[in-house]
Amino acid sequence: MKKLISAVTSLAMAATMVASVAPSMAIAADASKDFSVRVIDSADVTKSSSSTTVDVSSGDVTLLCGFYLKEGTADTGAISTNFGISESCPDTSAISIAKAKTDAPTFSGKIDPEFGDFISNGTSLLTYSEDQSSAYGEGAPKLPSFTFSWVGTKEQWTGAASDTYAAAYFNVTIKKGAKSGDYKIDFYDYFADAPTNLQPYNQVVTMNQQIYSALGSGHSPLNMEGLTITVKGGDEPVATTTTTATTTKPAETTTTTKAPVTSDADIELFYAQDEYKVAPGETIDLDVMMSTKEELEVRGMYLSVLVDDGITLNSIESKSAAFGVSVDTSWTEGGDTYLKDPDFNGNKIHGAVAVGLVDGEGNGAYAKTERRVERLNVTAPTEPGTYYVNMPTTQFMYKEIDGKAVFWTVNYTPAKIVVEGGEVTTTTTPAATTTTTTTTKPVATTTTTAIEEGDHLPGDANCDGKVNIADVVRLNKAIAGKAELSAQGKINADVDYDGDQDATDSTNILKAIVKLVELHMDKAPTDIAY
């Protein structure tokens, strides 16, 4: 595992070395860069597409495909990516991938046609793997995939654009008679150095050491688009969910994907399925989805979780796909065991999620709508019945007015779990969990009276008398040089008492918000044991 992890880290190191020898140029950096997987016209390799249709009624079909980098400025120094067969395929045993023998140019030079990894303007490595989950854990592919790394030596492209030619070539084969439906070659995005979570596997490092990724906090945006192969002429398609997220739930118990609720709220939070029908004691993933009517800037997020009696909350994912960042989480087993302190609205809760989203320039994050904002793993009760998973407090901060936090309004629809098997003996339908019009713009959050200078409240960076996600946002802006803390705010923000207000303090305040650590009046934070 250490050897695999070092591959991504060494990529960034290699980019550093390349930057040290590359000529310095005054060039404008791209606002974002793009990865894609495409099918290629074997008669003209400059023609490619992100989708295609094949007929497998008469035999196997093999397609020449490629991985592409799209950028406007030729400043990429290093690439790392992981893509492969998606678990959403109707039949994963009917699709395979393999390296392709080709003498076609790559985006930065020409590769050895005999599977060599040397190219004229850099070095690349395309590696096949059957299963990477044992090495990297959560988020890594369990199906066949490729890892690709590239380190360049010149800021130039082979063709007219960066994606005129692929960066790497490979073959996809669909077997004769494969089930009809959409087969996908998609990107697997995860951290290669968990639990540190500093190295997203999919990333670009420029000659000037700017990093593009979808997961890394403070990185520039990296967009990724997979390849869809529509298969016809095979067996009838099997029923599958439309979500591409990995789930521990058996296929026969899934239902159709839930459509987002339409309301007047700024943000819709809902689950990937209208209803989860499960067997007693079954373990499932609940994907919390986010939908917005328009692009919204978010500077901080806090979610609390409360499950019905009988449900066990096993874990809360440590990253948010909607925002492309790692998050701080904590949870208990459910039942009568709650987090040490209630949430911001005084509710006893079983779990919490918090993250500050201000980058190094003092800007917030823009959520990717219709993406998973969080994933909860739960074990259903053993008694048949209907149960709910609620979020009593859902806060998405978007600005400050006179130092006070203002939040987007949120409409949250609870997860409904129906435990089947025998006579229904338990039904839990509390009013608080069945309502679908919960908003989180309480007056108490935005109009609290500032505490007097000299009142010490560890973590209260904005001096409003509370410790919440707004303090993390305020501190991060101050660290980025985009805001000033008052004298008392500096004292409150220095929660580790080292004399500085820095990222360590920000992290500790986040951990305190989700009840992972306890802040003290006279000493550094200490872990909370449950």
Among V56, D91, V231, find the residue that satisfies the side chain to side chain contact (heavy atoms under 4.5 Å, CB included) test when tested with K179.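 When V56, D91, V231 are each tested with K179, the side chain to side chain contact (heavy atoms under 4.5 Å, CB included) holds only for D91.
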Apply ring pair (Phe, Tyr, Trp, His ring centres under 6.0 Å) to F170 and list each qualifying residue two or more places apart in sequence or on a separate chain.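 Per chain and number, F170 pairs via ring pair (Phe, Tyr, Trp, His ring centres under 6.0 Å) with F83, F146.
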If every non-hydrogen atom of A354 is compared with every non-hydrogen atom of Y302, which pair is closest and at what distance?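 Looks like CB-CD1, 4.2 Å.
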State, to 0.1 Å, how close P221 and Y212 come at their nearest heavy-atom pair, and which atoms those are.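 Heavy-atom minimum between the residues: O-CD2, 3.3 Å.
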When rounded to the nearest 0.5 angstrom, what distance separates CG in L376 from CG in L286?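 L376 atom CG to L286 atom CG measures 5.5 Å (nearest 0.5 Å).
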Who are the side chain to side chain donor-acceptor pair (under 3.5 Å) partners of [X], not counting sequence neighbours?
X: D189; value: N202
X: S42; value: none
X: S320; value: none

4.5 Å side-chain heavy-atom contact, [X] and [Y]:
X: I40; Y: Y169; result: yes
X: Y271; Y: V288; result: yes
X: V355; Y: D328; result: no
X: K142; Y: Y188; result: no

Flag, side chain of [X] to backbone of [Y], donor-acceptor distance under 3.5 Å:
X: D287; Y: R375; value: no
X: S162; Y: L69; value: yes
X: T158; Y: T106; value: yes
X: D131; Y: L143; value: no

Could you list all the ring pair (Phe, Tyr, Trp, His ring centres under 6.0 Å) pairs where at least one residue sits in residues 31-55, not counting sequence neighbours?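 For residues 31-55: F35-F67.
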What residues form a side chain to side chain contact (heavy atoms under 4.5 Å, CB included) with [X], not counting sequence neighbours?
X: T53; value: T230, K232
X: V39; value: S49, T52, L63, C65, L227
X: S96; value: T173
X: S57; value: D55

With sequence neighbours left out, what residues match D182 under salt bridge (charged side-chain N to carboxylate O under 4.0 Å, His left out)?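 D182 satisfies salt bridge (charged side-chain N to carboxylate O under 4.0 Å, His left out) with no other residue.
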Taking only residues two or more places apart in sequence, or in another chain, which ones meet D30 in a salt bridge (charged side-chain N to carboxylate O under 4.0 Å, His left out)?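 Residues passing salt bridge (charged side-chain N to carboxylate O under 4.0 Å, His left out) with D30: K33.
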Less than 3.5 Å apart, any donor N or O on the side chain of T147 or N82 sitting next to an acceptor on the other?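 Looking only at side-chain atoms, N82 and T147 do not form any donor-acceptor pair under 3.5 Å.
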Measure from the ring center of W408 to the ring center of Y398 and say whether it is less than 6.0 Å.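 Yes.
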With salt bridge (Lys or Arg N to Asp or Glu O under 4.0 Å) as the rule and sequence neighbours excluded, what pairs involving residues 407-417 come up?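 Only E275-K416 qualify under salt bridge (Lys or Arg N to Asp or Glu O under 4.0 Å).
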